[in-house]
Amino acid sequence: MLLINCPYCGPRPEAEFANGGQAHIARPADPMSLTDDEWAAYLYMRDNTKGLHHERWRHANGCGRFFNASRDTTTDVIKRTYRMGERPEAEHQGAKP
Amino acid sequence: MLSPAIMRSNALSPMRSSGTTAASATTLSILPDAAKLVFRGKTEAIEAAGAHFGVKPSLEACRFAAVGGRSVYWLGPDEWLFQAVNEDPIEVFGGMSVALQAQACSLVDVSHRSDGIAVAGPTAALVLNHGCPLDLSLKAFPVGMCTRTVLGKASLLLSRSEEHVFHVDVWRSFAPYVWQFLDEARSLS
Amino acid sequence: MTDTYRVRRGDGAESRNAVHFTFEGKSYQGLAGDTLASALIANGVHLVGRSFKYHRPRGFVSAGSEEPNALVGVGATQSRYTPNLLATQVEIYEGLVAESQNRWPSLETDAGFLNEYFSAFLPAGFYYKTFMWPRMAWKKLYEPVIRRMAGLGRAPAEPDADRYTQVFAHCDVLIVGAGPAGLAAALEASNSDATVILCDEQAEMGGSLLSDRSASIDGMQAADWARAALDELRKRPNVKLMSRTTAFGWYPHNFVGLNERVTDHLANPAANQPRERLWQVRAKEVVLAAGAIERPLVFTDNDRPGIMLADAARTYVNRYGVVPGKQVVVFTACDSAYRAALDLKAAGAKIQVIVDLRKSASGHWVDKARAEGIKVRSDSIVRGTSGRLRVKSAQISNAQGGDAETVACDLILMSAGFTPSVHLFSQSRGKLSYSEELRAYVPGESVERERSVGACKGLFALDSVIESGAKGGRDAAAKAGFPPRGERSYTVSARSVGADAFIGSVMADHQAEKRAWVDFQNDVTAKDVRLATREGFRSIEHVKRYTTTGMATDQGKLSNMNALGVVSKQIDVAVPKVGLTTFRPPYTPTTFGSFAGQSRGDLFDPVRKTSIHPWAEAQGAQFEDVGVWKRAWYFPQVGEDMHAAVARECKATRESVGIFDASTLGKIEIVGKDAAEFMNRMYTNAWTKLEPGRLRYGVMLREDGFIMDDGVVGRMATDRFHVTTTTGGAARVLSMMEDYLQTEWPDLEVWLTSTTEQWSVIALQGPNARRVLEPLVEGIDLSADAMPHMSVRQGRICGVPTRLFRVSFTGELGFEVNVPAGYGRAVWEAIFAAGKSYGITPYGTETMHVLRAEKGYIIVGQETDGTVTPDDAGLGWAVGKAKRDFVGKRSLSRPALVREDRKQLVGLLTTDPKAVLEEGAQIVLDPTHPIPVPMIGHVTSAYWSATLNRSIALALVRGGRSRMGEELSIPMPDGVIKAKVVDSILFDPKGERLNA
């Protein structure tokens, strides 16, 4: 069970969290102006990173907040967690932000 | 017409008489009914809510504050639970609503959503750790701390009011499970 | 019975209590503190099992958890029977009942031994190659027979009577293994404010120190020093000592699974003791002091009872006070077996000869053996053995061949050196590196916050073991933030046995056809491993699976390195290049009970019940599971089956009034000045113009355009919505709403609160619903004009506050009474009493389903399956076309979602009105079409409609709305059912009844 550092509550066991998939994929401001291909890319295309990956978590059985985590998918080491709206640190931007 | 005071039922009522006979250092008891309101909103609003309620809400994460039978639990950065033991939810809700009329916030009456259990005794933390994955040592989970967490397969609000007394606030349909879970745990520890 | 194998040499055996137990139905006596293995050896019993494939007689190879042969079933009754326990770990108690496994009719005369005579025909991969054809025979004939012949223990026939539990724990330093390194680590780490857990799989802590009669530490004999160290640790409040506790698995972020065996060693456990306790420990720092496992030598017929690891024999003699044999041949590739031989000799055994594989044998231990008159043969091998149920002799020759000398014996000790136990280290994703010197893998780079110390790191000399343990303990405490208050020193006096080692088979080439066991439990020989390489398997992972070496319950603890050695030599590739099989948890077999913990019976899952549930139960309702909710399904009266009950409930509701518990519906309170805007974005519908006091049916999509959830929404005030969701969708919907609010639209002033459990919901449906409610309600005008269909009012019912919805999921005049949950049952009973004069009828979910299907109302999850758009479901009217955006809107114009031939919701009426279709049945145009028949849709709902006196169905059919009147076919096992496509609303299409 991972130990995840909630930016609000501190380190907590994985059982309190729900994974929310790849981070930093913003919903297009005006979806109707997108082509079908652009919209399909937003809907379905995700990275399958080996290495550092930025992903969303929700402290579902805790404070309820969504936040981001930079986790190495090969070692499960979580380099950093940060709040929604913040960017991953430069040295952690190995994965596509 | 029926009187509400007579009618209100607690999901744990059937449990009261079904406790195990096993000797254990930890006891379980049902907490009294309370008016419970979920407040969500901005910081200015929470200050106004606290001022009206008579308890200053903690802005620090995972802490509760209490004055007499009234307490305010931090649930999230924009969410607090206001609790008034043995008070009428309608009156408490009404008073708060008026006080918060001009504020950017949400106030919702959840008095009947959950039931409370007190877990008390020198092995209370160990009993809770049978299903709760948090570090419940005094250092990591001091008196005055509260948090939503899990116990087995149920989600709940856990708080520590004394070194050996924890309170569990759990949605009513999960309350019998949590009670039985804790009862089994205390009979095995 | 006199236990002539018991040695009395001051180990306190005289004062240990006698303990009586049975094995194979025969009574024996052991002493308190014995394992089943040591007690049987004390009684001269070595034959304890039959091998997996050839049913060869087998005895004890080891004295610990690495034992491959001595698997036993323990338990006097079925409800307390556990198969596949290791006799080397089972502690005896008064009345223990144990039996051997995989033998018939008896351990001594086992019919399965016939396999042995056909062994030439049973090479590796035999099953794969032989039992291929015909396919049916595999299932009916080959597999059952093979499974009976090749098996381990039998599963108990009754449910487990014991209780199990699981506990989460936290500590600063977790130390795995309480041998010399672990004890030193614990002494150092706990000399600080760090909280320390020290666990060990054995009953008594001390590890190898308990078997050591030659070493001394701080002037004390090794075992005494261990006991003194434990006494000291026990006095420290920051230390928790856990014996009989196996660290079985490492999980990410220093999360380690420990299994504590609490009662297995007790004749009469206390009522508050679980049988086992699974500890899930989160440790800031971990010290691995797991020790090392001695390796067998691979030589011809090395598997007979009485052939044992040298250090295991030393443990039996020194720790348990039993001598495993009286005439001993020792076969070794290292010095440690000399030490064992000397200890056995001191206990009275006669050492016939020490056969040393090494070219020349020299040094302290060799000299000492020679000085004691023991014959030593270097550059020699044991090349064969004899004895059916117990070894009788060893054939000894020069390593290169030549004449063999036969030496009589009842015990052969073997040692090829030691393999560090790197299991947990490897599970923690640490990198292993191969040591040519040790012929073993040792820990390399760490990934998690742990360090290996002592023998599991490849250190075998006692002084360096203790030094590394002490340093590891100090380091761990300091890294956890608790620098120890000083260092202690240890005076160790012990002669090293060096680190010589050997892997692979010792057999000379001309012996290649003989059988030498690599994996005892799975009956894999060196020949099998070589065969695999000849057949092209080069990776050890493939060799493992083809030969099954290392796949038994011991997971290759004894065999993996030897298999690697055989492969490496055979294909002439260096060991590290051949690879290493993956170490996976659990380290040793762990009971299902322990993994289940408290999650059994009532505690398997929460069972959610509404506050009205007890009333329904008292009425004899049948319940169905909806998620983890229990919902009343139907209320049978005496003599009624489900069909009759549902027909009666439907009829009563349509004709007068029915009452239904809808409390499980999800509810969310959405509050704030931007509440309507948020609703506009989340739902397909338009909400801005919905007035307070009105209800609207809302549809929610996922971003891909498919229906996710639906429900009736009430606007309580301009800034407050009371949203309902499906029963199963409540948490999902709230989470998705929070997601958008927190991550996409944090600027909106709106907040969400779950109120699912705040409200009990009592649906009152039928032409008399209003008449029943009216007298109970205060402050609300229920008349059709004042409170039309799809409106909501707040007031009181039976004196308690209510949010009263006028809404219908049946097509009848209907209300849904929301009251605070604590009042739910009382209000329900008051309404029920008030409805008596109208024949009020409680109905369950089945009737609810029928009534809504008659009206063509969908159920999300039944009519929809994650690929259905609002238009497909006939809900195009609920989509706010003028809205600029909402979740899923963009997807609705994707080409695939606007195709004419999408599956659309329609009604189906069978040609035979009595034929009720099956939900999920496929629909075709031409049932005579050759297989595969093109399928054009499926039945989503099908019921008997008492109202219409015929069967009804809803279906998703390709281009369904353009097929009105068309006859389709539904092929079923009993024949083809014909049905006509009709509109999905089958009853009261104009909605006159619900507007009454």
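Proteins come first, then strands; the chains are lettered A, B, ... in the order of their sequence lines, and each starts at number 1. If you're wondering where the values come from, they're calculated on a predicted model, not measured in any experiment.
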Chain C contact via A:I25 - side chain, backbone, both or neither, heavy atoms under 4.5 Å:
backbone
Looking only at side-chain N and O atoms, does C:S599 offer a donor or acceptor that is under 3.5 Å from a partner on C:Q166?
no
Which of A:H53, A:Q22, A:H54 passes side chain to side chain donor-acceptor pair (under 3.5 Å) with A:D47? Answer is A:Q22
At a heavy-atom separation under 4.5 Å, does C:D739 approach chain A through its side chain, its backbone, both, or neither?
both
With a 4.5 angstrom heavy-atom cut-off, which part of A:L2 approaches chain C: side chain, backbone, both or neither?
both
Using the ring of each side chain (for Trp, its six-membered ring), is C:W745 parallel, tilted or perpendicular to C:F678, with breaks at 30° and 60°?
perpendicular
Using the ring of each side chain (for Trp, its six-membered ring), is A:H59 parallel, tilted or perpendicular to A:F17, with breaks at 30° and 60°?
parallel
If you count heavy-atom pairs under 4.5 Å between each of C:R894, C:E703, C:R702 and chain A, which one has the most?
C:E703
Contacting moiety of A:S33, where chain C heavy atoms sit under 4.5 Å:
neither
Any chance CZ of A:R27 has more than 12 other-residue heavy atoms, nucleotides or ligands included, within less than 6.0 Å?
yes
Do you see a donor-acceptor pair shorter than 3.5 Å between the side chains of A:T74 and A:D72?
yes
Honestly, the part of C:R429 sitting under 4.5 Å from a heavy atom of chain A is side chain
With no hydrogens and no angle check, just 3.5 Å: does a side-chain donor-acceptor pair link C:N259 and C:T246?
no
Ranked by heavy-atom pairs below 4.5 Å to chain A, first place among C:A731, C:S891, C:P746, C:S893 goes to C:S891
Checked A:I78, A:D76, A:L3 vs chain C; the most non-hydrogen pairs under 4.5 Å come from A:L3
A:A29 versus chain C, heavy atoms under 4.5 Å apart: side chain, backbone, both or neither?
backbone
Can you say whether C:R884 sits under 4.5 Å from chain A via the side chain, the backbone, both, or neither, judging by heavy atoms?
both
Answer with side chain, backbone, both or neither: which region of A:R65 has an atom nearer than 4.5 Å to a non-hydrogen atom of chain C?
both
Ignoring hydrogens and angles, tell me if any N or O in the side chain of C:T864 forms a donor-acceptor pair with the backbone of C:G866 under 3.5 Å.
no
Residue part contacting chain C, namely of A:P28, when any heavy atom lies under 4.5 Å
neither
Please answer whether the main-chain N or O of C:C171 pairs with a side-chain N or O of C:K284 as donor and acceptor at a distance below 3.5 Å.
no
Counting only heavy atoms closer than 4.5 Å, note whether A:M84 contacts chain C via side chain, backbone, both or neither.
side chain
Contact part of C:E744 toward chain A, heavy-atom cut-off under 4.5 Å: side chain, backbone, both or neither?
side chain
Charged tip of A:R83 within 45° of A:F66 ring normal and under 6.0 Å:
no
Is chain A contacted by the side chain of C:D885, its backbone, both, or neither, given a heavy-atom distance below 4.5 Å?
side chain
